[in-house]
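Below: the structure, in structure tokens.
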There are 2 protein chains.
Amino acid sequence: MSDVYRALGDSTRRFILNMLKEGDLTQKEIVAAFDISQPAIKKHLNILMEENIISEKIQGKYRVYSLNKGKLQLAYNEMLQYIADLLDNKLESLKNYVEKGESRDDQG
Amino acid sequence: MSDVYRALGDSTRRFILNMLKEGDLTQKEIVAAFDISQPAIKKHLNILMEENIISEKIQGKYRVYSLNKGKLQLAYNEMLQYIADLLDNKLESLKNYVEKGESRDDQG
DNA sequence: ATTATATATAACCAAAAGGTTATATGAATA
DNA sequence: TATTCATATAACCTTTTGGTTATATATAAT
């Protein structure tokens, strides 16, 4: 299992991902959304890129960042599989659980 | 949001959870499974207990740890929900994905 | 060509995380 | 009772993490 936990383990990074959900953004735009410095944001972006959760495209003097949804989906599946195995869960009920937050037929 | 990312963000702790899936274990047994010291393991156990992902039962001189499956499921649900929101995920396709490991229709 | 803008990078810092050893304590056993 | 075993805890160390400021570089605009 890749270390998506690390990448998602920081609230600034989670917020960056939330921003990128709405659409691609330049580094400048991302920096502007926070109270921390450009190098600090850059480090977060680097971490997200190391985990392949976002990717970077050079556009002149800009760096445009976008969500790597394929990778996120893989991460999602890995985690879902992991928890399903761990709990001997029926994927069906887990699916409901995530989607609706309901039907906790606790088969622990 | 509780700090599940922190609790699950360490591979030693995830391994401990895997061990506890098989059944309750004493601290001694858990320590024996790793190359790190008893106090180090104890710290990991404390973190997992702080997040209520495991619980401890005193049995004489032993501490018996058990997985709190309901809470673990909640923790994973939280993370899965976060990623699902990022992806606007249809969980139907994910079901296939996990079950058959196929159909990577990269919708990046 | 000069200046301004966007980003990259180096050097540094404080706090947190994960580990250690040494030792105390409480329960079981010889 | 003395000893051993399982665990707890204190003190400490190193590395990582998340941040800083200062400065370099590359592109864009004057």
Side-chain angles (χ1 to χ4, degrees), chain A residues 1-20 22-68 75, chain B residues 1-20 22-68 72 75 78-79 82:
Chain A
M1 183 180 297
S2 71
D3 205 354
V4 291
Y5 297 97
R6 174 196 177 218
L8 299 180
D10 179 90
S11 63
T12 298
R13 288 196 285 274
R14 289 197 297 272
F15 199 87
I16 289 175
L17 295 180
N18 283 337
M19 293 176 68
L20 289 176
E22 310 301 323
D24 295 359
L25 292 172
T26 67
Q27 183 179 133
K28 183 198 175 192
E29 291 169 317
I30 297 171
V31 167
F34 293 89
D35 268 344
I36 60 182
S37 66
Q38 175 260 327
I41 292 293
K42 181 58 163 51
K43 287 183 184 180
H44 286 303
L45 292 171
N46 283 343
I47 288 170
L48 291 170
M49 289 209 295
E50 278 167 26
E51 298 297 330
N52 261 292
I53 289 173
I54 66 174
S55 49
E56 183 192 77
K57 201 169 34 180
I58 297 182
Q59 257 171 33
K61 65 177 170 179
Y62 296 95
R63 300 295 182 276
V64 180
Y65 295 92
S66 50
L67 265 193
N68 193 339
Chain B
M1 183 182 295
S2 70
D3 205 354
V4 294
Y5 297 97
R6 174 192 175 225
L8 300 176
D10 180 271
S11 62
T12 298
R13 287 195 286 274
R14 289 196 299 273
F15 199 87
I16 289 175
L17 296 179
N18 279 335
M19 292 176 67
L20 290 175
E22 310 300 324
D24 296 359
L25 293 172
T26 66
Q27 184 180 132
K28 182 196 174 190
E29 291 169 316
I30 296 171
V31 168
F34 294 88
D35 268 346
I36 60 182
S37 65
Q38 174 260 327
I41 292 293
K42 182 55 164 49
K43 286 183 184 179
H44 286 303
L45 292 171
N46 283 341
I47 288 170
L48 290 170
M49 289 210 295
E50 278 167 28
E51 298 295 329
N52 261 293
I53 291 172
I54 65 173
S55 49
E56 184 192 76
K57 202 171 32 178
I58 298 183
Q59 257 172 33
K61 64 178 170 179
Y62 296 95
R63 300 295 180 277
V64 180
Y65 295 91
S66 52
L67 191 56
N68 192 340
L72 183 62
E78 199 171 296
M79 296 192 302
Y82 171 76

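Protein chains get the first letters and strands the later ones, always in sequence-line order, with residue 1 at the start of each. Just so it is clear, the values below take in all heavy atoms, side chains as well, and ignore hydrogens, waters and symmetry mates.
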Contact class for E56(A) vs. all strands (heavy atom < 4.0 Å): base, sugar-phosphate, or nothing?
sugar-phosphate
Send over the distance from I41(A) CD1 to dT7(C) P, rounded to a whole Å.
12 Å
Does dA28(C) have its OP1 or OP2 closer than 4.0 Å to a side-chain nitrogen or oxygen of K61(B)?
no
Among dA8(C), dA8(D), dA6(D), which is the nearest nucleotide to the side chain of Y65(A)?
dA8(C)
Of the nucleotides dA8(C), dG18(C), dG19(D), which one has an atom closest to the side chain of K43(B)?
dG18(C)
What integer distance in Å separates D35(A):CG from dT20(D):P?
9 Å
Spacing of L25(A) atom CG relative to dA6(C) atom C1', expressed in whole Å
15 Å
To the nearest angstrom, how far is I36(A) atom CD1 from dT21(D) atom C1'?
15 Å
Worked verdict on K42(B) versus R63(B) for side chain to side chain contact (heavy atoms under 4.5 Å, CB included):
CA-CA 11 Å; K42(B) 182 55 164 49; R63(B) 300 295 180 277; over 6 Å; no
Could you tell me the separation between the CG atom of L45(B) and the C1' atom of dA8(D), rounded to a whole number of Å?
12 Å
Closest to the R13(B) side chain, choosing from dA8(C), dG19(D), dG18(C):
dG18(C)
Q38(B) (side chain) and dA8(D) (base): donor-acceptor pair under 3.5 Å
yes
Nearest whole angstrom, please: distance from the C1' of dT27(D) to the NZ of K57(A).
18 Å
Judged by atom type as modelled, is there a donor-acceptor pair below 3.5 Å linking the side chain of N68(A) to the main-chain atoms of N52(A)?
yes
Would you indicate, yes or no, if dG19(C) has its OP1 or OP2 atom less than 4.0 angstrom from a side-chain nitrogen or oxygen of H44(B)?
yes
Less than 4.0 Å between a side-chain N and a carboxylate O, is that true for R13(A) and E51(A)?
no
How far apart are the C-alpha atoms of M19(A) and F34(A), what are their side-chain angles, what is the distance that settles it, and do they pass the side chain to side chain contact (heavy atoms under 4.5 Å, CB included) test?
CA-CA 11 Å; M19(A) 293 176 68; F34(A) 293 89; 3.9 Å; yes
What's the CZ-P distance between F34(A) and dT20(D), to the nearest Å?
12 Å
Starting from C1' on dA28(D), measure out to CD on Q59(A) and report it in whole angstrom.
14 Å
From L25(B) atom CG to I16(B) atom CD1, the distance as rounded to the nearest 0.5 Å
10.0 Å
Across the strands shown, which category fits E29(B) at heavy-atom distances under 4.0 angstrom: base, sugar-phosphate, nothing?
nothing
For R6(B) and dA16(C), is the shortest distance between a side-chain N/O and OP1 or OP2 below 4.0 Å?
no
Are S37(B) and dT20(C) close enough that a side-chain N or O sits under 4.0 Å from OP1 or OP2?
yes
Examine dA8(D): is either OP1 or OP2 under 4.0 Å from a nitrogen or oxygen in the side chain of K42(B)? Give yes or no.
yes
Under 4.0 Å between a side-chain N or O of R63(A) and OP1 or OP2 of dA8(C)?
yes
